Amino acid sequence: MVTIRLTNSKTRRKEVFAPINPANVRMYVCGPTVYDRAHIGNARPVVVFDTLFRLLRHVYGAEAVTYARNFTDVDDKINARAAESGRPIREITDETIGWYHQDMDALGALRPTHEPRATEYIGAMIAMIEKLIADGHAYAVEGHALFRVRSYKDYGALSGRSVDDMIAGARVEVAPFKEDPMDFVLWKPSGAATPGWDSPWGYGRPGWHIECSAMAYELLGASFDIHGGGLDLQFPHHENEIAQSCCAHPGAGFAKIWMHNEMLQVEGRKMSKSLGNFFTVRDLLNQGYPGEVIRMVYLGTHYRKPMDWTAEKARQAEMTLRKAAEVLNSDPFSELSFSWAHAKAPTEVVEALANDLNTSLALTHVNRYIKENDIYSLVGSLSLLGLRPQVIRDEFASFSLTADDRGVSVSTRAAETNALADRLPALRERFEALRAEAMASKDFAPVDALKTALIAAGVEVRMSKAGVELVPGAGFDAAKLEALL
RNA sequence: GGCGGGUUGGCGGAGAGGUUACGCAGCGGAUUGCAAAUCCGUGAAGACCGGUUCGAUUCCGGUACCCGCCUCCA
């Protein structure tokens, strides 16, 4: 069996992954707060842990992996959104979850096994808080329940901080009823304008951190294998989760391995609305970046390094996918000669991923399969990486290699582009005729004019002794092509 | 201020204590009416200063710079 190695944030070392139960490998990843479209920073952990999910399924079997990713649907940002729009909270969260699914589906991310909503686990949260209070790890005061940080001796171990250091450097405004400045909220009171539930501490709502502890416990148990999320969540969110869960379920150890993906920048700068470089995934999709291109850009950078989103990277990813599509499409019958769904990723690709998710190295291998025209390895690798081969072929394949040119009745193009594919051969014939004339007359102006127009329409013009190929490229513009017909 | 991380060729971006990463761009050649595409070939690196070592870009320490978290934002 392949040995998977993962960097554990808790130990800051790369460790051999040995599941608690290989028949039920369990992973929890912090999901979105659902009040708006996911931006491209939110999407990075989704792609990273989807890739890990796929690797685990590959190694341990699809049925042997349980992946839980929550929706935070109770939060002050959601309340604010509801207040300013006048819409019901549930309507906002339902709509946002729908968007999230659409956008992450476009990136080729599999749906996790469980996608719990925080509001469906209020009872479990209350039960956990009650236990923490009963055991002296938390206390109730003025309608709040607070976690007593000093009662968990390892508090700060994950993020490498000591409670004393943090207090010294803290800029936090400390609520007067806290025993200790670092104590954090498990439950807080709600007024008429905010959603709430009845609890032993009065009508109120949960603090942010308790939901993940409660849902992970309900769905995965007191101890499980992997807990993931963005590096920004390491402190305080994950630190607090550990404190809560370890105190509520002593001895269980909570997550064995903690994984954190680095943050994302855009064109070398932090993504922010004020800099005007803030994109949602939907923005990019609407700008015409296919989901596969976006995913490819993510996979190009190791998850523990800061990643920069740039238009140039997207261009290169698209170029690579076009080449891949040509290979996938080079034999119209290739899909029939072996089942694409069963193509296996070569060992070297699996091992690249097994080595702490070295997606960049995996893509290096993919490049070689493209160069060597190795369809089988290419299909297997792309599938394991979540880059759907059929989609790539349909989205990026060139017209010149479709059925029309080869006399076979296999069409692999998306319907919209197929319509144009029918017209390209006519243009090609005209081009060939013009070229033949030019060769004889030595007047190349007419053929050059047509060539220039085709290039302007984003069509690659390939001439050889054998004939002419017209291939739509990255900047393909159907409207300009229409004008030539 | 506290804590954590990073710094690789023109650009992006990996592995490995000693042997070509790879991709994009560049350059040379083949090919072409000219190109494009393709193929062949090729130059180019490891922030700085020390240390360990026969040997470090890879390990250790320091400096500089950058980034993140500590505070609503991922």
Side-chain angles (χ1 to χ4, degrees), chain A residues 7 9 12 30-33 35-36 38-46 72 75-77 80 156 158-173 181-182 208 229-239 260-265 268-274 278 296-297 299-302 304-310 312-320 322-323 326 351-352 355-356 358-368 370-371 398 400 435-436 438-445 447-448 451-452 454-455 459-465 468-471 473:
Chain A
T7 296
S9 304
R12 293 179 184 75
C30 292
T33 300
Y35 69 105
D36 206 348
H39 64 237
I40 62 174
N42 296 318
R44 172 122 101 138
V46 174
T72 299
D75 183 276
D76 287 347
K77 288 192 289 289
L158 178 70
S159 51
R161 301 154 196 245
S162 76
V163 175
D164 294 323
D165 284 347
M166 284 187 278
I167 291 170
R171 305 177 200 170
V172 194
E173 199 176 313
M182 294 310 294
W208 173 33
L231 189 59
D232 55 311
L233 298 178
Q234 189 178 40
F235 186 88
H237 183 56
H238 290 162
E239 200 74 70
H260 293 98
N261 63 275
E262 252 289 0
M263 300 291 99
L264 180 140
Q265 297 186 305
R269 314 190 64 173
K270 182 183 165 103
M271 181 168 66
S272 72
K273 286 173 181 166
S274 56
F278 183 96
M296 188 99 164
V297 171
L299 296 180
T301 301
H302 186 88
R304 283 192 296 106
K305 290 218 171 173
M307 191 200 111
D308 197 11
W309 171 274
T310 64
E312 171 62 14
K313 282 185 180 177
R315 187 190 70 79
Q316 289 191 20
E318 173 156 4
M319 206 173 353
T320 304
R322 283 190 182 283
K323 286 191 205 165
E326 284 211 36
E351 285 185 341
N355 185 9
D356 201 27
N358 193 340
T359 48
S360 178
L361 185 60
L363 289 179
T364 295
H365 297 314
V366 166
N367 267 315
R368 203 176 66 252
I370 291 172
K371 198 170 178 179
S398 53
S400 63
R435 182 162 170 254
M439 300 282 257
S441 68
K442 299 297 174 198
D443 175 14
F444 292 98
V447 69
D448 281 345
K451 184 174 80 177
T452 305
L454 284 166
I455 291 168
V459 178
E460 219 174 72
V461 180
R462 300 180 186 174
M463 280 179 265
S464 68
K465 280 175 184 154
V468 176
E469 279 185 320
L470 299 182
V471 183

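What you see is a predicted model, and the numbers here were worked out from it, not measured in a lab. Here is how names work: the chains are called A, B, and so on, in the same order as the sequence lines, proteins then strands, and each is numbered from 1. These numbers come from the heavy atoms of this one structure, side chains and all, not from hydrogens, waters or symmetry mates.
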Taking atom P in both B:rG12 and B:rG17, what distance in whole Å separates the two? 26 Å
dist A:Met296:CE -> A:Thr320:OG1 (nearest 0.5 Å) comes out at 4.5 Å
Are the side chain of A:Glu239 and the backbone N or O of A:Gly156 linked by a donor-acceptor pair below 3.5 Å? yes
Base, sugar-phosphate alone, or nothing: which one does A:Phe444 contact when heavy atoms must sit under 4.0 Å apart? base
Is there a donor-acceptor pair closer than 3.5 Å between any side-chain N or O of A:Arg304 and the backbone N or O of A:Glu262? no
Checking B:rC69, B:rC67, B:rG5 against the side chain of A:Gln265 (C-beta onward), the nearest is B:rC67
Under 4.0 Å, counting only non-hydrogen atoms across every strand here, what does A:Phe278 touch: a base, just sugar-phosphate, or nothing? nothing
When you measure from the side chain of A:Thr72 to the backbone of A:Thr33, do you find a donor-acceptor pair of N or O atoms at a distance under 3.5 Å? no
Report yes or no: does A:Asn358 contribute a side-chain atom to a donor-acceptor pair with the main-chain N or O of A:Leu361 at less than 3.5 Å? yes
B:rA37 C1' sits how many Å from A:Ile455 CD1, rounded? 11 Å
Report the C-alpha separation of A:Ser9 and A:His260 in whole Å, then their side-chain angles, then the decisive distance to 0.1 Å, and conclude whether the side-chain hydrogen bond (donor to acceptor under 3.5 Å, both in side chains) test is met. CA-CA 7 Å; A:Ser9 304; A:His260 293 98; 2.7 Å; yes
Counting side-chain heavy atoms from CB outward, which of B:rA37, B:rG23, B:rG33 is closest to A:Arg462? B:rA37
A:Glu262 CD to B:rG13 C1': how many Å, rounded? 16 Å
How far, in whole Å, is B:rG62 from B:rA21 if one measures between their P atoms? 31 Å
Are any protein N/O atoms closer than 3.5 Å to N/O atoms in nucleotides 15-22 of chain B? If there are, list each pair with its distance.
unit_1	atom_1	unit_2	atom_2	d
B:rA21	N1	A:Thr364	OG1	3.3

Give the dot-bracket string for RNA chain B, reading 5' to 3', where a pair is Watson-Crick or G-U wobble with both distances under 3.5 Å, ( ) marks pairs inside the strand, [ ] marks pairs crossing earlier ones, | marks a partner on another strand, and . marks unpaired. (((((((..(((.....[...))).(((((.......)))))....(((((..]....))))))))))))....
In whole Å, measure the gap between the P atoms of B:rC66 and B:rC39 for me. 42 Å
Report the C-alpha distance between A:Val46 and A:Asn42 in whole Å, list the side-chain angles of each, state the deciding distance to 0.1 Å, and finish with yes or no for side chain to side chain contact (heavy atoms under 4.5 Å, CB included). CA-CA 7 Å; A:Val46 174; A:Asn42 296 318; over 6 Å; no
Choosing from B:rG13, B:rA35, B:rG23, which nucleotide comes nearest the side chain of A:Thr301? B:rG13
Whole-Å distance between B:rG68 C1' and A:Arg44 CZ? 12 Å
Rounding to an integer number of angstrom, what distance separates B:rA64 and B:rC48 when you compare their C1' atoms? 7 Å
If we only count heavy atoms from C-beta on, is the A:Leu264 to A:Ile40 side-chain gap below 4.5 Å? yes
In whole angstroms, the gap separating P of B:rG68 from CG of A:Leu158 amounts to 20 Å
Using the P atom as the point on both nucleotides, what is the distance between B:rU20 and B:rU42, in whole Å? 12 Å
Go through A:Met307 and A:Gln265 one step at a time and tell me if the side chain to side chain contact (heavy atoms under 4.5 Å, CB included) criterion holds. CA-CA 6 Å; A:Met307 191 200 111; A:Gln265 297 186 305; over 6 Å; no
Ignoring hydrogens and geometry, is there a side-chain-to-backbone donor-acceptor pair from A:Lys313 to A:Asp308 under 3.5 Å? yes
Can you figure out which of B:rC70, B:rC72, B:rG12 approaches the side chain of A:Lys77 most closely? B:rC72
Starting at CD of A:Glu239 and ending at C1' of B:rC3, how long is that distance when rounded to a whole Å? 11 Å
For nucleotides 24-32 of chain B, 5' to 3', base contacts (B), sugar-phosphate-only contacts (S) and non-contacts (-) with protein non-hydrogen atoms under 4.0 Å give S-------S
Quantified in whole Å, what is the C1' atom distance between nucleotide B:rC54 and nucleotide B:rC70? 47 Å
Could you check how far CG of A:Leu264 sits from P of B:rG6, rounded to whole Å? 18 Å
Between B:rG5 and B:rG61, how many Å separate the two P atoms, rounded to a whole number? 11 Å
Separation between the P atoms of B:rG41 and B:rG55, rounded to whole Å: 36 Å
Mapping A:Arg12 and A:Gly300 to their closest nucleotides on RNA chain B, which lands nearer the 5' end? A:Arg12
Using a strict threshold of under 4.0 Å (side-chain N to carboxylate O), is an ion pair present between A:Glu326 and A:Arg322? no
Hey, does A:Glu318 have a side-chain heavy atom less than 4.5 Å from the side chain of A:Val297? no
Have a look at A:Gly230 and say if it touches a base, only the backbone sugar-phosphate, or nothing, with a 4.0 Å heavy-atom cut-off. nothing
Give the rounded distance in Å between these two atoms: CD of A:Gln234 and P of B:rG5. 9 Å
What is the distance, rounded to the nearest whole Å, between atom CG of A:Leu454 and atom P of B:rA36? 16 Å
Do A:His39 and A:Met271 have side chains that approach each other closer than 4.5 Å (heavy atoms only, starting at C-beta)? yes
